[in-house]
Amino acid sequence: MPATHPRPASVTRRGHFAVVDPATGQAFDEAPDRRPDELDAVVGRAHAAWRGWRSDPAARTTALLAAADAVEAAGTELAPLLTREQGKPLTESHAEVARTAARLRYFAELDPGTQQITDGRPVRSEIRWRPIGPVAAIVPWNFPLQLASAKFAPALAAGNTMVLKPSPYTPLATRLLGSVIAAALPDDVLTVVTGREPLGARLARHPGIRHVTFTGSIPTGRAVAEGAAASLARITLELGGNDAAILLDDADVEAVAERLFWAAFRNCGQVCMAVKRVYAPARLYSEVVEALAQRAKSVAVGPGLEPGTRLGPVNNADQLARVERYTDRALADGARAAAGGHRLDRPGYFFAPTVLADVPADSPVVTEEQFGPVLPVLPYRSVDEAVECANGTGFGLGGSVWGTDLDRAEAVADRLECGTAWINHHAELSLAQPFAGVKESGVGVAGGPWGLYGNLRPFVVHRPGEE
């Protein structure tokens, strides 16, 4: 189990790397820095464990349900550690632990079954579903446990084994989660490996891996796909988003402002499917900007372990610099900070919750994924213009439409080029629904039965029909 006592970066042991608390900007612990050449043994053990794990579906269900219980029981250890290394408020860390346990239970009881093919031929054809082998998962730092479970829960339920690599910014809670779950499973069914690059690149191209599932940036996703192609491994890539929210001219701004604000700023804006652009009709534009700015100015920002905190810090120094760079560029190009617009003068990686008005449409804070507590609001003259702008990037993860006439809002939502569209809310997902992006936002499908089938291969058996 990882230690949680402070450990200055200057005394980090050989073969380990420092883990920083984003609320202070100081190292507080360390994690093993696994060498890429150690993966051969890890993947070999995962392959050996696969033989037994795939053979008994009933035992898998029992083990995964026990693992879910163990995760819940460990919540008082997991949640504070997650907050310490990621920065989010403690209540959100507890919610992430609960979601992890719920996902294990959901997939543990999901049965792919078999399918009969009826096509008029005098044979009986049956599709059976088989696991594909060891799976590699590479996960980011914004939701370390939840995104890890989105990968290992369906993979393990399908009868595969997994080697899981968390982000080097958030390795500790994932290591602890791995040890909690591993205690309920046979040896080497789930292995967590921590380390800095090129560990992830080596894992993605390892010839013993049959499926690589990755969540992160588009450039890294391309590199993962290229690595996996060397062994023709299956890939599932969730590559982020730049979700647009369109307010229609019949929207009740005050009624939706709170939901819209948190759809953009939850987890300090570090959510792949967060609202990252708002398009408001010209007649409501000032009202929308003011409603969002008031909330940005009043929200409680601080360390995630402090009671009352609603927004924590940005997770790491590089991401903080990115958020600041995008904001400064927008302001230099004529945007106005209706709220925030700067770092906070305190230790750690804090950026003031920021609402930008009068932003040039081609500003990087609009066209790219800023992934932080910064929200540009742009006016539009017609719904057609708003839809064109919403669809005008290379991203296509999610989007939302907000208005009083639900039929009209749904008709507009149907025009969005994305994987999921919401009406009068945003970024709410069921465990039972598919989650996928279009364009540069990803390849493959996660969630629900589709996530399970993504970890299986069809095996067809033909036999003569009954005489």
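Because the structure is a prediction, the values reported are computed rather than measured.
Without hydrogens or angle criteria, Trp402 side chain to Ala245 main chain gives no donor-acceptor distance under 3.5 Å. His426 places a side-chain N or O within 3.5 Å of a backbone atom of Met273 that can act as its donor or acceptor partner. Not one N or O on the side chain of Glu77 forms a donor-acceptor pair closer than 3.5 Å with the backbone of Ala74. Side chain of Thr83 to main chain of Lys88: a donor-acceptor pair is present (N/O by atom type, distance under 3.5 Å, no hydrogens or angles). Arg277 places a side-chain N or O within donor-acceptor distance of the main-chain N or O of Cys389, the cut-off being under 3.5 Å. Checked by atom type and distance alone, the side chain of Thr309 never pairs as donor or acceptor with a backbone atom of Leu305 at under 3.5 Å.
Side-chain atoms of Leu416 and Val401, non-hydrogen and from C-beta on, do get closer than 4.5 Å to each other. The shortest side-chain heavy-atom distance between Gln86 and Trp141 falls under the 4.5 Å cut-off. Counting heavy atoms from C-beta on, the side chains of Tyr349 and Gln319 never come closer than 4.5 Å. Using a 4.5 Å heavy-atom cutoff, the side chains of Leu147 and Asn142 are in contact. Counting heavy atoms from C-beta on, the side chains of Val19 and Phe28 come closer than 4.5 Å. Looking at Leu406 and Ile423, their side chains come closer than 4.5 Å, going by heavy atoms from C-beta outward. Taking 4.5 Å as the limit, some side-chain heavy atom of Leu320 sits within range of a side-chain heavy atom of Phe351. Looking only at side-chain heavy atoms (C-beta outward), Val374 and Tyr326 stay at 4.5 Å or farther from each other.
Here the CG-CE distance, from Leu156 to Met162, works out to 6.0 Å after rounding to the nearest 0.5 Å. To the nearest 0.5 Å, the span separating CD on Glu388 from OH on Tyr380 amounts to 14.0 Å. Atom OG1 of residue Thr170 and atom CD of residue Glu85 lie 5.0 Å apart, to the nearest 0.5 angstrom. To the nearest 0.5 Å, the span separating CZ on Phe143 from CD on Gln270 amounts to 9.0 Å. Expressed to the nearest 0.5 Å, how far CG of Leu164 lies from CZ of Arg175 amounts to 12.0 Å. For the atom pair Lys276 NZ and Asn242 CG, the distance stands at 6.5 Å (nearest 0.5 Å).
Listed by chain and number, the residues in a side chain to side chain contact (heavy atoms under 4.5 Å, CB included) with Asp37 are Arg35 (sequence neighbours excluded). Looking at residues two or more places apart in sequence or on another chain, you find no side chain to side chain contact (heavy atoms under 4.5 Å, CB included) involving Thr62. With sequence neighbours excluded, the residues that form a side chain to side chain contact (heavy atoms under 4.5 Å, CB included) with Ser441 are Phe395, Leu397. For Arg60, there are no salt bridge (charged side-chain N to carboxylate O under 4.0 Å, His left out) partners, not counting sequence neighbours. Annotation: side chain to side chain donor-acceptor pair (under 3.5 Å) contacts of Arg34 (sequence neighbours excluded): Glu38. For Ser363, there are no side chain to side chain donor-acceptor pair (under 3.5 Å) partners, not counting sequence neighbours.
Of all heavy-atom pairs spanning Gly221 and Leu237, the tightest one is O-CD1, 3.7 Å. Here the shortest heavy-atom pairing between Ala46 and Val163 reads CB-CG2, 4.2 Å. The nearest pair of heavy atoms linking Leu203 to Ala137 is CD2-O, 4.4 Å. Here the shortest heavy-atom pairing between Ser231 and Ile209 reads OG-O, 4.0 Å. A pairwise comparison of heavy atoms in Ala436 and Val445 identifies CB-CG2, 4.0 Å as the closest pair. The two residues Phe435 and Cys272 have their closest heavy-atom pair at CZ-SG, 4.4 Å.
Annotation: salt bridge (Lys or Arg N to Asp or Glu O under 4.0 Å) contacts involving residues 414-423, sequence neighbours excluded, comprise Asp384-Arg415, Glu417-Lys439. Applying the side-chain hydrogen bond (donor to acceptor under 3.5 Å, both in side chains) definition to pairs two or more places apart or across chains, those involving residues 148-163 are Arg103-Ser149, Lys151-Thr213, Lys151-Thr215. Evaluation of the ring pair (Phe, Tyr, Trp, His ring centres under 6.0 Å) test over residues 40-75, restricted to residues two or more places apart or in two chains, returns His47-Trp50. Among pairs with a residue in residues 182-196, those fulfilling salt bridge (Lys or Arg N to Asp or Glu O under 4.0 Å) read Asp33-Arg196, Arg45-Asp188, at least two apart in sequence or across chains. Residue pairs that meet the salt bridge (Lys or Arg N to Asp or Glu O under 4.0 Å) test with at least one member in residues 229-246, sequence neighbours left out, do not exist here.
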Under 3.5 Å, sequence neighbours excluded: what are the donor-acceptor pairs made by side chains of residues 104-111?
| residue | atom | partner | partner atom | Å |
| --- | --- | --- | --- | --- |
| Arg105 | NH1 | Glu72 | OE2 | 3.1 |
| Arg105 | NH2 | Asp69 | OD1 | 2.7 |
| Arg105 | NH2 | Glu72 | OE1 | 3.0 |
| Asp111 | OD1 | Gly113 | N | 2.9 |

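Residues Arg128 and Glu126 are paired through a salt bridge, judged by an N-O separation under 4.0 Å between the basic side chain and the carboxylate.
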Worked check of salt bridge (Lys or Arg N to Asp or Glu O under 4.0 Å) between Glu440 and Arg222: CA-CA 10 Å; Glu440 293 184 336; Arg222 288 196 177 104; 3.0 Å; yes
Test side chain to side chain contact (heavy atoms under 4.5 Å, CB included) applied to Phe371 and Val323, step by step: CA-CA 7 Å; Phe371 217 67; Val323 170; 5.9 Å; no
Side chain to side chain contact (heavy atoms under 4.5 Å, CB included) between Ile218 and Glu369, worked out: CA-CA 10 Å; Ile218 291 172; Glu369 183 180 29; over 6 Å; no
Derivation and outcome, side chain to side chain contact (heavy atoms under 4.5 Å, CB included), residues Leu429 and Arg99: CA-CA 11 Å; Leu429 294 174; Arg99 184 80 167 180; 4.1 Å; yes
Working for side chain to side chain contact (heavy atoms under 4.5 Å, CB included), residues Ile181 and Leu64: CA-CA 8 Å; Ile181 293 175; Leu64 291 173; 5.8 Å; no
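Using modelled atom types and a 3.5 Å distance limit, the side chains of His211 and Thr236 yield a donor-acceptor pair.
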